[in-house]
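By convention in this document, chain letters (A, B, ...) are assigned in the order of the sequence lines, proteins followed by strands, and residues within each chain are numbered from 1. Quantities reported herein were computed from a predicted structural model and do not represent experimental measurements.
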Number of protein chains: 2
Amino acid sequence: MNIYDIAKLAGVSIATVSRVVNDSPNVNDKTKEKVRKVMEENHYMPNEFARGLGRSFVKAVGLVCPAISDDYMAKAVACLEKRLREHGYDCILHCSGYDKEDKRQAVGMILKKRIDALMLIGSNFAGGKEEDTSYICEAARQIPVFMINGYVEGENIYGILADDYQAVYDATEELIFAGKRRILFLSNSDSFSAMQKRKGYEDAHKNHGLPILEELNICVENTINGTKDQLLLRRDLAFDGVIATEDGLAVGALKYAKATGISVPEEISVVGYNNSELSISCEPELTTVDARGEILCKTAVDSMMTLLEGKRINSKTIIKCHLVKRHTTDF
Amino acid sequence: MNIYDIAKLAGVSIATVSRVVNDSPNVNDKTKEKVRKVMEENHYMPNEFARGLGRSFVKAVGLVCPAISDDYMAKAVACLEKRLREHGYDCILHCSGYDKEDKRQAVGMILKKRIDALMLIGSNFAGGKEEDTSYICEAARQIPVFMINGYVEGENIYGILADDYQAVYDATEELIFAGKRRILFLSNSDSFSAMQKRKGYEDAHKNHGLPILEELNICVENTINGTKDQLLLRRDLAFDGVIATEDGLAVGALKYAKATGISVPEEISVVGYNNSELSISCEPELTTVDARGEILCKTAVDSMMTLLEGKRINSKTIIKCHLVKRHTTDF
DNA sequence: TTGAAAGCGGTACCAC
DNA sequence: GTGGTACCGCTTTCAA
């Protein structure tokens, strides 16, 4: 059942049917009704490929994220998908994995789909060396690229970022004020965001005249038990506070404390990141940073719409985070 | 830059270029190489819409899930996406929300995309009344429909299910053997899966000559704190065990116990569902059912490929679950 | 307000 | 192994 069939059945030309499908104002109401009736009776669905062929745009955006099973990215995808759909856009999802080459390939593949814009989710896309992100610039030559919590300098690339630096700076400062002098910095990658957090941690120490202890910079796998096991191997560290770049790592630290009989928050204070369900599942409940994922996504979609209307938008938007105090920092 | 440009530059016909693009064996190696070179030099990308127009299939499948921020569905999407991509299929994602009308609409919209198959994720798509699922049967008239942990009777509909009934039956039986006589059944919906679980719970009681206490069938919102609060309002229930249909609910019960000074597992034993990160984040760590989401997804994709090869497949596949014992059921 | 017809960029069949 | 060409189903201009 195609546009010709409908035209024949309705006794009009295909041009008129096309106009009805696209709700053009230049069709007589009676004609419109007649055609609509025929379309419904025959369950007519316009072929999206033929439409895409004849037009330059498609109303679809590509979403690439390293791993949708990550709570932060899942929430981001949910939010982006919902909002984009409200604007009539479809989402093509590509979970790339964390490997550099895989990410490059994912972007390459999704670009073939003639999408209207590309959204890169998670700070894992930024960071690293410059040549590692060259594929993002190339993509931006074709369509606008929006980076959710990431940023790469370049024409047609737009970063919407959480102020991870400040959030960690503030959290670290609180621990310092509480008298903590051996604060563990627990991370699981060298993403853009992780580097920002690290800088916040370091600057807070510097600005309070405290040394940065290299042995307290620990990088682990992002699982609760992985983190716990790693820490059990390093009992010598004798830390009195933890700043973690993910809630899962923070919970791992909690499990380590439990396993070794160290009390939280009395002996060790812990701060997590992302305000995920994990942070209220654990015991004691975790003080954590709300990285405002929803706001980032909302801003990204709004910016995209503004851009597609032909207006200019900022190439970098920074959103303030918010520390959610629970019980792992009850001083 | 289209196929005509490439053909001109390479000094061949568009038919030959098309053959090269599709890696047809009927092209001279030298010609192939020559054309490839021109394509690369000009960053040629075939227009997917034109391809889709000329062919009947598109190599894309539609994924619909109520909420990707749910851990189970996120993992399922991740797994499906990965495997489908390995077979050269794209994924179009649609997060529908839990509302019946929204789900129907989501399916309707995604069908327009001329996808090769539809995958419905989560048991929320089954269950309810028959007319509520009629849209699934309609979809199945166009393309095969695969239901991940759901099932609706119908031509061209394939259910891949976890054996939730048996899993809950077994878990309940264990609690009964341990002497529990007031086991709370904690759920958050009337999905197909929830009904199966409920039946397992009930049958375990019946088969051991125990009464089913209606006041112990509690339906709550699926959040940790929501569950805890609900339970705090029902301190009269005096239950000595909990079978929860989601880990989040089980953790909520743990939080309730903690808030009221009840000890777990001594006074109350708790069993969760899904073996999510939540279940190892909480304290004590949760005994939970591994619903084998990965296996379900793998099976679904394999079945789809088999079907598309023209072979017949089972309309219903049931996968055994696995109880992961941790510390909320240390008797 | 409507219709005719020229694309859009491929695929695939048929000749040679 | 290669080229010519008739579609695929829709959008959009141009005329009427």
Side-chain angles (χ1 to χ4, degrees), chain A residues 1-40 42-60 88 90 109 111-116 142-143, chain B residues 1-40 42-60 88 90 109 111-116 142-143:
Chain A
M1 186 65 36
N2 62 28
I3 200 169
Y4 293 95
D5 301 321
I6 300 297
K8 201 169 291 171
L9 288 170
V12 296
S13 73
I14 60 163
T16 298
V17 176
S18 176
R19 290 189 190 100
V20 173
V21 166
N22 293 291
D23 205 25
S24 153
N26 304 324
V27 186
N28 188 303
D29 280 353
K30 290 211 185 303
T31 314
K32 200 175 267 189
E33 205 172 322
K34 183 174 62 182
V35 174
R36 282 234 173 87
K37 190 151 161 277
V38 174
M39 293 199 304
E40 276 176 30
N42 295 278
H43 302 294
Y44 170 64
M45 282 187 183
N47 182 314
E48 294 289 320
F49 290 95
R51 303 185 87 177
L53 230 197
R55 304 190 287 203
S56 53
F57 61 96
V58 266
K59 292 227 133 202
D90 272 319
M109 292 196 51
L111 278 181
K112 288 190 190 164
K113 306 300 163 193
R114 289 281 197 280
I115 47 181
D116 299 301
Q142 298 182 38
I143 47 172
Chain B
M1 187 65 36
N2 60 28
I3 200 169
Y4 294 94
D5 300 321
I6 300 297
K8 200 168 291 171
L9 288 170
V12 298
S13 74
I14 60 163
T16 298
V17 178
S18 178
R19 289 191 190 99
V20 173
V21 167
N22 294 291
D23 206 24
S24 154
N26 304 323
V27 185
N28 187 303
D29 280 352
K30 291 214 184 300
T31 314
K32 203 176 262 189
E33 204 174 322
K34 183 173 62 181
V35 174
R36 284 236 173 84
K37 190 151 162 276
V38 175
M39 294 199 301
E40 274 175 31
N42 295 278
H43 302 292
Y44 169 65
M45 283 186 183
N47 182 315
E48 292 290 321
F49 289 95
R51 302 184 87 176
L53 229 199
R55 303 190 287 203
S56 55
F57 61 97
V58 265
K59 292 226 133 200
D90 272 319
M109 291 195 52
L111 278 181
K112 289 191 190 164
K113 304 303 162 191
R114 288 282 196 280
I115 46 179
D116 299 298
Q142 298 182 37
I143 47 172

Could you pull out all residues at least two apart from A:Asp29 that satisfy side-chain contact (heavy atoms from CB on, under 4.5 Å)? none
With respect to the phosphate group of C:dA5, does any side-chain polar atom (N or O) of A:Tyr4 fall under 4.0 Å of OP1 or OP2? no
Roughly how many Å is it from CG in B:Asn47 to C1' in C:dC8, rounded to a whole number? 8 Å
Figure out the CZ/C1' separation between B:Phe49 and C:dG10, and round it to whole Å. 13 Å
Can you check whether A:Thr16 has a side-chain N or O nearer than 4.0 Å to OP1 or OP2 of C:dG3? yes
For atom CD1 of A:Ile3 and atom C1' of D:dC7, their distance in whole Å: 16 Å
Rounded to 10°, the angle between the first-five-pair and last-five-pair axes of the helix from C:dT1-D:dA16 to C:dC16-D:dG1 is 30°
I want to verify a distance call: between C:dG10, D:dT5, C:dA5, whose nearest atom is closest to the B:Ala15 side chain? D:dT5
Side-chain N or O of B:Asn2 less than 4.0 angstrom from OP1 or OP2 on C:dG9? yes
Once you round to the nearest 0.5 Å, how far does CG of B:Leu53 lie from CG of A:Asn47? 5.5 Å
Donor-acceptor contact below 3.5 Å, side chain A:Asn42 vs main chain A:Tyr44: no
Without decimals, in angstroms, what is the distance between B:Ile14 CD1 and C:dC8 C1'? 13 Å
Atom CG of A:Asn42 and atom P of D:dG9 are separated, to the nearest Å, by 15 Å
Please tabulate, for side-chain N and O atoms in residues 3-22 of chain A, each donor-acceptor pair with protein atoms closer than 3.5 Å (sequence neighbours left out).
unit_1: A:Asp5; atom_1: OD2; unit_2: A:Asn2; atom_2: N; d: 2.9
unit_1: A:Ser13; atom_1: OG; unit_2: A:Ala15; atom_2: N; d: 3.3
unit_1: A:Ser13; atom_1: OG; unit_2: A:Thr16; atom_2: N; d: 3.4
unit_1: A:Asn22; atom_1: OD1; unit_2: A:Arg51; atom_2: NH2; d: 2.6
unit_1: A:Asn22; atom_1: ND2; unit_2: A:Ser18; atom_2: O; d: 2.9

Residues that B:Met45 engages under side-chain contact (heavy atoms from CB on, under 4.5 Å), provided they are two or more places apart: A:Leu111, A:Lys112, A:Arg114, A:Gln142
With the side chain defined as heavy atoms from C-beta on, B:Arg51 is closest, among C:dT11, D:dT11, C:dG9, to C:dT11
Between D:dT11 atom C1' and A:Glu48 atom CD, what is the distance in whole Å? 13 Å
So how far is it from A:Asn26 CG to A:Thr31 OG1, rounded to the nearest 0.5 Å? 12.0 Å
Who pairs with A:Asp23 by side-chain contact (heavy atoms from CB on, under 4.5 Å), at least two apart in sequence or on another chain? A:Lys32, A:Arg36
Can you list, by residue number, the residues of residues 17-40 of chain A that have a non-hydrogen atom closer than 4.0 angstrom to DNA chain D? A:Ser18, A:Arg19, A:Asn22
